[in-house]
Protein chains: 2
Amino acid sequence: MAALDLLGRRWTLRVVWELHESGGPIGFRELQRRCDGMSSSVLTGRLTELREAGIAASDVPSGAAAWRLTPLGGELVAAMQPLLTWSHAWAAQLPDEDPAPGGQGQGANTSP
Amino acid sequence: MAALDLLGRRWTLRVVWELHESGGPIGFRELQRRCDGMSSSVLTGRLTELREAGIAASDVPSGAAAWRLTPLGGELVAAMQPLLTWSHAWAAQLPDEDPAPGGQGQGANTSP
DNA sequence: CGGGATCCCCGACGATACTG
DNA sequence: CAGTATCGTCGGGGATCCCG
């Protein structure tokens with residue numbers, strides 16, 4: 001199914017998440033910064049795909065694009081919650097992993 | 001989130017789904033057949049990853065491996081339902097597409 | 001600032017052959 | 001039947017430049 005195919009692509013979930021976290025409209029560069037500085041080409045691609053999918057939208061006043069989640073995008077985030085919950089539970093029960101008792105949390109890196 | 005990283009890989013969801021559909025234990029070749037004949041190397045890879053993730057497991061009586069979902073795997077499938085539901089709704093409302101407005105909205109195909 | 005065009009590279013995928 | 005090892009291919013991303 002195309003939806004999961006899109007969401008499975010690299011950075012897509014990260015972008016959706018950042019869009020969700022920021023709440024309000026957010027600029028291109030700002031979004032790029034939040035995503036650990038992913039390349040503009042990739043960000044453009046993901047954004048285009050998300051726009052075509054009706055998940056994200058941009059207001060372009062003039063010179064300052066403002067990206068945001070559409071209502072549909074909000075529903076998506078909501079629909080993902082159970083899976084995220086499961087994912088956390090899953091991450092917490094792995095046989096071997098997860099050292100860091102002392103403190104520095106690891107970057108939530110999605111895998112380079 | 002490594003979980004989604006794994007699930008995003010090609011064939012992974014398909015394998016999980018087939019494992020779920022079959023209900024009981026299922027053989028390697030049989031599983032391969034159900035997946036439209038994906039290569040054994042890839043299937044081995046996915047199976048190994050799923051086993052390490054605690055999502056799938058295999059009983060090996062002797063000469064006949066039997067793969068099945070673990071309880072955790074079952075939870076995963078359950079956690080995916082809302083997303084699948086959203087995904088179906090999403091597929092039915094695309095801006096341009098969807099030649100059949102009249103109503104047969106089906107095709108419960110989960111295949112990638 | 002916003003984002004398209006281009007090039008290169010790595011890693012996943014796929015088929016085949018082979019062992020137990 | 002079950003699974004491993006190897007090799008070739010292909011496409012997606014990452015970087016960078018550049019234009020509006």
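Convention: sequence-line order gives letters A, B, ...; per-chain numbering from 1.
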Could you tell me the separation between the [atom1] atom of [X] and the [atom2] atom of [N], rounded to a whole number of Å?
X	N	atom1	atom2	value
A:Gln32	C:dG2	CD	P	10 Å
A:Glu30	C:dG3	CD	C1'	17 Å
A:Glu49	D:dG11	CD	P	16 Å
B:Leu43	C:dG14	CG	C1'	13 Å
B:Leu13	C:dC13	CG	P	12 Å
A:Arg33	C:dG2	CZ	P	12 Å
B:Asp36	C:dG14	CG	P	10 Å
B:Leu47	D:dG3	CG	P	7 Å

Query raised in the report: With a 4.0 Å cut-off on heavy atoms, is A:Gly27 in touch with a base, just the backbone sugar-phosphate, or nothing at all?
Result: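 The answer is sugar-phosphate, as A:Gly27 gets under 4.0 Å only of primed atoms, P, OP1 or OP2.
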
Does any non-hydrogen side-chain atom of [Y] lie less than 4.5 Å from one of [X]?
X	Y	answer
A:Gln32	A:Cys35	no
A:Leu6	A:Leu50	yes
A:Arg51	A:Thr70	no
B:Leu31	B:Glu18	yes
A:Leu76	A:Leu69	no

[X] side chain N/O closer than 4.0 Å to the phosphate oxygens (OP1, OP2) of [N]?
X	N	value
B:Trp67	D:dG3	yes
B:Trp11	C:dG14	yes
A:Arg46	D:dG13	yes

Query raised in the report: Any idea how A:Trp90 and A:Trp86 line up, ring-wise: parallel (<30°), tilted (30 to 60°), or perpendicular (>60°)?
Result: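 Plane angle under 30°, so parallel.
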
Query raised in the report: Nearest to the side chain of B:Arg9 - C:dG3, D:dA2, C:dC13?
Result: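 The nucleotide sitting nearest to the side chain is C:dC13.
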
Report task. Please name the pair of heavy atoms, one in A:Leu19 and one in A:Ile26, separated by the smallest distance, quoted to 0.1 Å. Result ->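 Minimum heavy-atom separation between A:Leu19 and A:Ile26: CD1-CG2, 3.6 Å.
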
Review item, nucleotides 15-20 of chain C N/O atoms under 3.5 Å of protein N/O:
unit_1	atom_1	unit_2	atom_2	d
C:dA15	N6	B:Ser41	OG	2.9

